[in-house]
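Below is one structure, written out as structure tokens, with a few remarks after it.
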There are 2 protein chains.
Amino acid sequence: MSEARTLPDTRERILDAAERLFMESGYEGTSMRTITGDAGVNLAAVNYHFGSKEALLREVFRRRLAWLNRERLHRLDEMEAHAGGEPLKPSAILSAFFGALLHMGTDESLGGMTFLRLLGRTLTEPADFIRTCFAGEYAEVVDRYKRALFRALPDVPREEIIWRFHLMLGAMSYAISGTDALQAVTDCELDLNNDGPQAAEHLAARVMPFLLGGLRAPLPQFVTNQEQQRKPEPSKAA
Amino acid sequence: MSEARTLPDTRERILDAAERLFMESGYEGTSMRTITGDAGVNLAAVNYHFGSKEALLREVFRRRLAWLNRERLHRLDEMEAHAGGEPLKPSAILSAFFGALLHMGTDESLGGMTFLRLLGRTLTEPADFIRTCFAGEYAEVVDRYKRALFRALPDVPREEIIWRFHLMLGAMSYAISGTDALQAVTDCELDLNNDGPQAAEHLAARVMPFLLGGLRAPLPQFVTNQEQQRKPEPSKAA
DNA sequence: ATATGATTTAAACGAACGTTTGAACCACGC
DNA sequence: GCGTGGTTCAAACGTTCGTTTAAATCATAT
């Protein structure tokens, strides 16, 4: 009819099925026959269109992370342009970084909650080629946001900022992945399972105060003393 | 000699190898031949001693979680006994819950950082039989700590407490699993990779302030209004 | 209509998987 | 000595894995 919407579109159907199945069962736990069967295409289609199962996984991430990286850099550029050289507020930096992520959950054409869950799940998988895939796509974005946080929090040791950046990522990916062990125990039904487009907004309202509270928490006592920028006195028991 | 310490101890060698390999490559990504080869035992030993690969995974967790659950309940019992009916401090509850966990990282006979990483990794895997395994072992412990937090924070809606409990678990498991995507990007070398017994103590000093800051963060605006216990006025802008 | 390049198809490939088998091995009580 | 129960062993089981092949089909331009 219109154009290319009604034709088989084998590539995208494979990517959609793989995205969902990798999220549900992991990379090793999903067979090519399950993927192609679910997508309604022939088994050989994956190797024809992508070359291998590993290349398929890379493409599943690439098509989503391309948008995410662009969006995150765009938000940071906009904020820094309006700030006129002044450091940004930490809350604004986090809102941009995680807001761009959570926006994907509200837009089905960007992967929706399925890709968000897959992403949260994969971040803890130490498989080599997965990490290298992330490193290449993520390097610039993470570096830009790290430097923005360094400027926003000049009194906090950089090592501590990086640590808390990690911790915030962990809390967020755990909240996103949803299906966690605690949920199987907890009788109270949280809206974690919500798949609708409002799930990501609920998530943001819930999680952002927690992340900001963690970021602003008092520093640990010992403070690594390798790049103490304020408080030149060594403190009593250090 | 003494008893059964010097003999091959096939069972434990399998469990140790499986623990490490499941941590490194995941359950589906680790073959029985790799496990038995690494443990220096015959391939058939796993099925002889445990019955199946799945039962082996269950036993890998069971022998560690048995100690963890006992320790967590013990610490809570002690605190509640000394409190004499008074609610506990939230920081004390978290210190007990996560302190028991992190103590495993300092004691090689309790699994050390290997098991901690495996645990952090597994919590985000939605495989059914893994979750059911956790549900059975975790139910009582999580319920006890949840109720302690409810008493410690009577002004916070219970749903919000459960949410933040989830988020703290996510941040901690992410910090523990260590090998994450951000690390591949960050040039600054954090002490995440430290495997020594002091790694868990560093982790505690780093992470606990963050978790407490998140737990005490201001509530989100909308506050679910299903069980508002204080502040009966709807408030304009909070 | 026909030739051409892109795509889909059914079938098979060898390798690796978890599991099972039955004989061999060992320690120990008789 | 011999038998016995627990354990280890090499070998093979049938299945599923990711990948490849070559023919069949489709779309399109001349």
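Everything quoted here is computed from the prediction, not taken from an experiment. So you know, we letter chains A, B, ... as the sequences are listed, proteins then strands, and number each from 1.
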Please classify the nucleic acid contact of B:Thr30 as base, sugar-phosphate, or nothing, using heavy-atom distances under 4.0 Å.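 Contact class for B:Thr30: sugar-phosphate only.
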Given 3.5 Å as the limit, does a donor-acceptor pair link the side chain of [X] with the main chain of [Y], or not?
| X | Y | value |
| --- | --- | --- |
| A:Arg72 | A:Phe97 | yes |
| B:Asn69 | B:Leu65 | yes |
| B:Lys146 | B:Ile161 | no |

Name the closest nucleotide to the [X] side chain, picking from [options].
| X | options | value |
| --- | --- | --- |
| B:Tyr48 | D:dG18, D:dT8, D:dT21 | D:dT8 |
| B:Thr10 | C:dT19, D:dT8, D:dT20 | D:dT8 |
| B:Lys53 | D:dG18, C:dG18, D:dT8 | C:dG18 |
| A:Ser31 | D:dT19, C:dT20, D:dC17 | D:dC17 |

[atom1] of [X] versus [atom2] of [N]: gap in Å, rounded?
| X | N | atom1 | atom2 | result |
| --- | --- | --- | --- | --- |
| A:Asp9 | C:dT7 | CG | C1' | 13 Å |
| B:Ile14 | D:dT7 | CD1 | C1' | 11 Å |
| A:Asn42 | D:dC26 | CG | P | 14 Å |
| A:Leu57 | D:dC17 | CG | P | 17 Å |
| B:Leu43 | C:dT21 | CG | C1' | 12 Å |
| A:Asn47 | C:dT9 | CG | C1' | 14 Å |
| A:Met32 | C:dA11 | CE | P | 19 Å |
| B:Glu54 | C:dC17 | CD | P | 18 Å |

Tell me, with the steps shown, if A:Tyr145 and A:Arg75 meet side-chain hydrogen bond (donor to acceptor under 3.5 Å, both in side chains). CA-CA 11 Å; A:Tyr145 274 83; A:Arg75 293 189 180 206; over 6 Å; no
Take A:Gly40 and A:Arg33, find for each the nucleotide of DNA chain C with the closest heavy atom, and name the residue whose nucleotide sits nearer the 5' end.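 Result: A:Gly40.
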From A:Arg20 CZ over to A:Ser25 OG, what is the distance, rounded to the nearest 0.5 angstrom?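 One finds 9.5 Å between CZ of A:Arg20 and OG of A:Ser25.
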Using OP1 and OP2 only, check whether a side-chain N or O of A:His49 sits under 4.0 Å from C:dA6.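 Checking C:dA6 against A:His49, no side-chain N or O comes under 4.0 Å of OP1 or OP2.
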